[in-house]
Number of protein chains: 2
Amino acid sequence: MLSELPKKDARNSQKAREAILDAAERAFAELGFGGASIRGIARDAGVNQAMIHYYFQNKDQLYDEVIDRRAGAVNAQRNAALDRLFAEGVPTLEKLMEALLRPTIEMGHDETRGGSAYARLVVSFSNSADERSQNMTSQHYDPIASRSIAAMRKVMPELDMAAAVRAYLYSISVALSVMARTGRAARLSQGRCNDSDTEEIVGATVAFSCAGIRALAMQAVNQFDEKVE
Amino acid sequence: MLSELPKKDARNSQKAREAILDAAERAFAELGFGGASIRGIARDAGVNQAMIHYYFQNKDQLYDEVIDRRAGAVNAQRNAALDRLFAEGVPTLEKLMEALLRPTIEMGHDETRGGSAYARLVVSFSNSADERSQNMTSQHYDPIASRSIAAMRKVMPELDMAAAVRAYLYSISVALSVMARTGRAARLSQGRCNDSDTEEIVGATVAFSCAGIRALAMQAVNQFDEKVE
DNA sequence: GTCTATAGTTCGATAGAC
DNA sequence: GTCTATCGAACTATAGAC
């Protein structure tokens, strides 16, 4: 009877787990995997150092769980948006790209739940070629990427596989760069271009990506024509 | 007389310096600043650990010199290309963007001189928001960025400052992502889209960027019209 | 679940011989 | 310029008391 209710310790431990993940997210984003330390994370989270090993065994698994927590949330949003869009037929390219890019950008701008630390983290490992980073990317993001690429080809049948993959990767790289919010836009424009207005940025990245994708489709068609002639 | 000729030790030391920079570049790219170790770099470069402190004092200055060596080379190319282009009047957007993006992409594809390690390194710190990375970016890349943004506005006067800064940052993020060559394109396309054909990639990124920039310019003009009406 | 204590590494940096 | 030797600090991880 009583044992089925959450015990005080269990509630606390859940809090501790989340606090560790939050602190680890900040540390990995700021210092990289190699530069972050279990000690520092424990101090930041307000827990004993040994607790991190109790909950997460070691540094590698902690890293994996930090990424899994956020990637799961974003990709669920993106999958749901795709389901909704294609339930009503084939959407426009603009609708499709907004469905794919908005959740990513919004998470990076979600200051309150620490999303911006994850933003910097995902930008970092998704652009890295070392084995750990590639494992994280392929494990957590390749499935939604494949589905997105297939969706783009439904919307724009002119895109061959190579062009569609490029179109997706280029678009995502733009979204990731605005997700990271390094403050460089404000610096280069003397404040005339901030990186905090979410709606403005979603609009700009969607417009930029869609125009770019159409240009890649044109290239693919022209190359095909050249071969036929 | 003899003292004006390079001494044997001086020649050797120059070799050692370069070997250290090469090894450090690989280590920082693969493991991050925090994850790389002076010991490992020394082993990789085939020099004594103490030599690194002799030549570079400490880890921070070593990092700075690694970046400075490559950034200087790329930016010299980009500046020269801009000089050449504008000497003959105002170029097309395509010519301008190719001048800006090609040196970046080609360095990432220059396997022989280790450029691909630097590629991964520059992608990593240019997308990071921590203080060290921001210092590196602003110190080594903000000047050419400002000049590029001004050049883009000359070619496309419809771009206001905010739109031009976005246009530049979005385009560069695409070029950086292909520069890093993580192998993801090949993975997602089952080999139908490689990330090694430099000319094909320059063509695709320039086409993607120019179309995206024109879309941003359209947005800026439309917003202006809305305010006027 | 929470903590202390500590084993066992590895790190950056320097001193000093040659 | 090059090397060995080493200091002092930080690190991951675990054992074991409570």
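Below, chain A is the first sequence line, B the second, and so on; all start at residue 1. Quick caveat: nothing in here was measured; it's all calculated off a predicted structure.
- A salt bridge (Lys or Arg N to Asp or Glu O under 4.0 Å) check over residues 33-43 of chain B, counting only residues at least two apart or in different chains, returns nothing.
- C/dA13 atom C1' lies 16 Å from atom CZ of B/F56, rounded to whole Å.
- Between the P atom of C/dC11 and the CD1 atom of B/I52 lies a distance of 12 Å, rounded to the nearest Å.
- A distance of 7.5 Å separates CD of B/Q190 from OG of A/S146, quoted to the nearest 0.5 Å.
- Annotation: ring-ring contact (aromatic ring centres under 6.0 Å, His included) contacts involving residues 13-49 of chain B, sequence neighbours excluded, comprise B/F28-B/F33, B/F28-B/Y63, B/F33-B/Y63.
- Ion pair B/R147/B/D83 flagged as a salt bridge, since at least one NZ, NE, NH1 or NH2 atom sits closer than 4.0 Å to an Asp/Glu carboxylate oxygen.
- Checking the phosphate oxygens (OP1, OP2) of D/dT2, a side-chain nitrogen or oxygen of B/Y55 falls inside 4.0 Å.
- We find that CD1 of A/I41 is positioned 10 Å from P of D/dC11, with the value rounded to whole Å.
- Taking atom OH of residue A/Y54 and atom C1' of nucleotide D/dG16, one finds them 15 Å apart after rounding to whole Å.
- As a whole-Å value, the separation of B/Y63 OH from C/dG12 P is 15 Å.
- Screening residues 168-189 of chain A for ring-ring contact (aromatic ring centres under 6.0 Å, His included), with sequence neighbours left out, gives A/Y170-B/F208.
- Sorted by first and then second residue, the salt bridge (Lys or Arg N to Asp or Glu O under 4.0 Å) pairs involving residues 132-144 of chain B (not counting sequence neighbours) are A/R184-B/D142, A/R187-B/D142, B/D60-B/R132.
- When heavy atoms are screened at a 4.0 angstrom cut-off, A/A42 is found touching no nucleic acid atom at all.
- We find that CD1 of B/I20 is positioned 11 Å from P of D/dG1, with the value rounded to whole Å.
- Relative to the axis of its first five pairs, the axis of the last five pairs of the helix from C/dG1-D/dC18 to C/dC18-D/dG1 sits at 0°, rounded to 10 degrees.
- Listed by first and then second residue, the salt bridge (Lys or Arg N to Asp or Glu O under 4.0 Å) pairs involving residues 169-179 of chain B amount to none (not counting sequence neighbours).
- Between the C1' atom of C/dT10 and the CD1 atom of B/I38 lies a distance of 13 Å, rounded to the nearest Å.
- Residues meeting the side chain to side chain donor-acceptor pair (under 3.5 Å) test with B/D44, sequence neighbours left out: B/R26.
- The salt bridge (Lys or Arg N to Asp or Glu O under 4.0 Å) contacts involving residues 109-129 of chain B comprise B/D110-B/R113, B/E111-B/R181, where partners must be two or more places apart or lie in separate chains.
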field: Contact state string [nucleotides 3-10 of chain D, B base, S sugar-phosphate only, - no protein heavy atom under 4.0 Å]
entry: BB------
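- One finds no side-chain N or O of A/H53 lying less than 4.0 angstrom from the OP1 or OP2 phosphate oxygen of D/dT14.
- Whole-Å rounding puts the A/N58 CG to D/dC11 P distance at 17 Å.
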